[in-house]
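A note on names: the letters A, B, ... follow the listed sequences, proteins ahead of strands, and every chain is numbered from 1.
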Amino acid sequence: MITEVLAQALADSFRDLHIEIAATDVQMERPAAREHGDWSSNVALVMSKRLERNPRELATELAKIVESQGLNVIKEIEVAGPGFINFYLSPQWLHDVLIDVLTQGEHNYARPTVGDGASINLEFVSANPTGPLHAGGGRWGAYGDSLARIFRRCGYRTFTEYYVNDRGIQTELFGASLVARRDGGELPEDGYAGEYVAEWAREMPDEAEPVAWGQERALKDVQDSLASMNVTFDHWASEKALVESGAMEEVVDLLRDSGWVDDRDGATWLRTSEFGDEKDRVLIKSDGEPTYFVPDIAYHNQKFDRGELVIDVLGADHHGYVPRMAAAMKMLGHPSDRYEAIIGQNVTLVRNGEEIKLSKRTGTMVEVSELIEAVGPDVARFAYLLQSIDTRQTIDIDVLSSEANENPVYYVQYAHARIAAVSREATNRGISRRPVDAMDVTVLQHERELEILRCLSTLPEIVEFAARDRAPHRVATWIRELAAAFHGFYHDCPVLRSDVAAEIQQARLWLVETARIGFAIGLDLLGITAPEEM
RNA sequence: GCCCUCGUAGCUCAGGGGAUAGAGCAGUGGCCUCCGGAGCCAUGAGCGCAGGUUCGAAUCCUGCCGAGGGCGCCA
């Protein structure tokens, strides 16, 4: 990596000043403005205080020494602003990027090793099987699935799960609601009122056991919806199976052994407040029934068998639940850095310019399946993934549908389709790529050509940061930049036109191939298709 | 009242303590003589407010204002 070369050069020049500094402590950054060079270091600013030196003077001295080292990638060094050292490089470093991308290929380029085989258990969506998945739930699906792809690319062994709450009060209420709709009876208090309940009730066979049938019907619906947006799971964990296995009793015993369980007021409590929770939580109610918290603890405890790091993706409406679960995990002996909850902000659904409040009473909702039907999985996923999980998202199904053609995902996919079109046209014209080592990369000097390589050079760190920050939207943002770079290139730099010199044509064909690799990697991480034509 | 997240261009959003804060959409004006115009180029406008830390703050800290969410022996 070029940054390592430059950082080392700076570290070496410190040595000339009899100051020891590790190359890894020298920060290299891309200047925001192109006029400030290809790479820049703030090391003089950072060190000036410790050395009690004027930062500009220090920078000037360092620059002079680096210059005398005579690295041939460096075209020019300048000291700018308060003491930045700016490097202007020959395009050679970008030519190296091209070779890197081609030799490593789609499979190996931008495959950071930070995961190093560590395992992650990632749970997301886990909506109750009491109805179709609403469009808000789609956000967790897109996010979790993409995050899993990013983790895997970074070398984490990743296991994804959906926790199915297929027992308990909610499923019973749902079953009762189905019966009420079928028989024309009154809906139970807090029952499910959505239109789908009546629809499904008509489907329900007379001999079916309503609770089990309803729960299966809903789960099937959720699974189909997620599959239609290309979201799959390694494991659908059944709460019912968990409870029937005796896991609740086991985990309560474990907690009792840990000494954090109290019996008071006729109930059984877990002293979670001693681990940062606001208050203690009831495990077993005074009527003898366990709260929902118990199977949840048992489930989370078991997930540690399927991953060293257990991550939950939760909606903001569940964030208050995190401290108690974190407390329980600590009590069960799982170190606090092994359990992580990612809190995503909720989705606001809008239709006809009006916010749709999810309501059990009125039963209004926008279903994921409806969204996918209207705009397709790629538009939906890109819309979900373009935005940071920390910000509230508004999904306006009308806007998404009507503006589908201007959707940013097409901008990206169109670039990929153009690449495929170049290949097809090359075949038509009888033009083929000669071996990489027969190519003269140095003919790539056009700013549009270099911009593609500059963009590709950032992909490895983009992937790594996306994993570290649990932020798939970084990949989405990046791939738009690559698309912009490619469209610009495509506009200004003909590849197959007859007036293009043979060696330039060869180099551009290979450049197009690197862009294809970039799109393939990025789109795969987002779980979006890479079309050959549109 | 306490806790969590967020407040950036007319709208939807990016922005790992760095220099002149960027995209898309919407607006305006340009660009099809051979690879796909779902494209390219140009153009206007912005960090909620007030302090603090720092050589340097949209970014970190505090307070205020605003938005959403959470504070059950519900799930």
Side-chain angles (χ1 to χ4, degrees), chain A residues 27 29 31-33 35-36 40 42 45-46 48-49 54-56 80-84 86 128 130 165 168-171 173 190 265-269 278-279 281-287 289-293 296 315-323 343-346 348 383 386-394 396 399 403-415 417-426 428-429 431 448 461-462 464-465 468-469 471 473-474 476-478 480-481 483-484 486-500 505 508 512 533-534:
Chain A
Q27 288 180 46
E29 58 195 32
E35 311 90 83
H36 292 135
S40 175
N42 62 0
L45 289 158
V46 174
S48 62
K49 185 145 213 177
N54 174 300
R56 271 199 75 107
F84 291 104
N86 294 339
N128 283 346
T130 54
N165 299 104
I169 291 169
Q170 294 306 320
T171 52
L173 260 177
D190 289 327
D265 309 329
T268 302
W269 297 74
E278 296 178 334
K279 51 196 285 194
R281 306 290 168 176
V282 171
L283 292 174
I284 299 169
K285 296 184 273 183
S286 47
D287 67 2
E289 287 298 311
T291 63
Y292 76 98
F293 189 30
D296 264 18
D317 52 341
H318 285 90
H319 91 266
Y321 158 97
V322 174
I343 306 300
Q345 296 304 301
N346 291 326
T348 306
L386 208 43
Q387 207 173 126
S388 155
I389 203 74
D390 289 333
T391 61
R392 211 147 56 93
Q393 183 168 43
T394 302
D396 187 326
V399 171
E403 291 181 357
N405 286 338
E406 290 105 55
N407 192 282
V409 75
Y410 293 124
Y411 183 72
V412 175
Q413 290 183 317
Y414 183 54
R418 276 181 148 177
I419 290 173
V422 170
S423 293
R424 285 194 299 269
E425 184 61 20
N428 286 342
R429 298 187 183 202
I431 297 166
R448 297 289 208 176
E461 70 194 60
I462 291 290
E464 192 173 327
F465 293 162
R468 183 196 64 192
D469 298 340
H473 79 275
R474 281 174 166 259
T477 306
W478 175 86
R480 286 172 84 173
E481 285 171 18
F486 183 79
H487 284 307
F489 160 79
Y490 188 86
H491 186 265
D492 286 357
C493 303
V495 179
L496 301 173
R497 240 166 50 181
S498 53
D499 57 349
V500 178
Q505 182 167 79
R508 283 182 179 167
V512 168
E533 51 191 322
M534 294 173 65

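- Per the stacking criterion (ring centres < 5.5 Å, plane angle < 30°), A:Phe84 stacks onto the base of B:rA19.
- If you check the side chains of A:Arg418 and A:His487, you find a donor sitting under 3.5 Å from an acceptor.
- Applying the 4.0 Å criterion to OP1 and OP2 of B:rA14, one finds that A:Thr391 has a side-chain N or O inside that range.
- Side-chain N/O atoms of A:Gln170 include none lying less than 4.0 angstrom from OP1 or OP2 on B:rA75.
- With salt bridges taken as basic N to acidic carboxylate O contacts below 4.0 Å, one links A:Arg429 and A:Glu425.
- Using atom P as the reference point in both B:rC35 and B:rG10, the two lie 40 Å apart (nearest Å).
- B:rG1 and B:rG63 have their P atoms separated by 14 Å, given to the nearest Å.
- Heavy atoms of A:Glu289 sit nowhere under 4.0 angstrom from any nucleic acid atom.
- With its glycosidic angle more than 90° from 0, B:rC35 is assigned anti.
- Scanning atom types as modelled, one donor and one acceptor separated by under 3.5 angstrom connect the side chain of A:Asn42 and the base of B:rG18.
- Considering only side-chain N and O atoms, A:Arg480 lies nowhere under 4.0 angstrom from the phosphate OP1 or OP2 of B:rA14.
- Rounded to an integer number of Å, the gap from A:Asp265 CG to B:rC73 P is 10 Å.
- Look at A:Tyr490 and the base of B:rC35; the rings stack, centres closer than 5.5 Å and planes less than 30° apart.
- At the phosphate of B:rA75, OP1 or OP2 sits under 4.0 Å from a side-chain N or O atom of A:Lys285.
- For A:Tyr410, no side-chain nitrogen or oxygen approaches OP1 or OP2 of B:rA38 to under 4.0 Å.
- Between A:His491 atom NE2 and B:rC31 atom C1' the separation is 6 Å, expressed in whole Å.
- Checking side-chain atoms of A:Gln505 against main-chain N and O of A:Val495 turns up a donor-acceptor pair under 3.5 Å.
- In this structure, A:Lys279 does not reach the B:rC71 phosphate: none of its side-chain N or O atoms is under 4.0 Å from OP1 or OP2.
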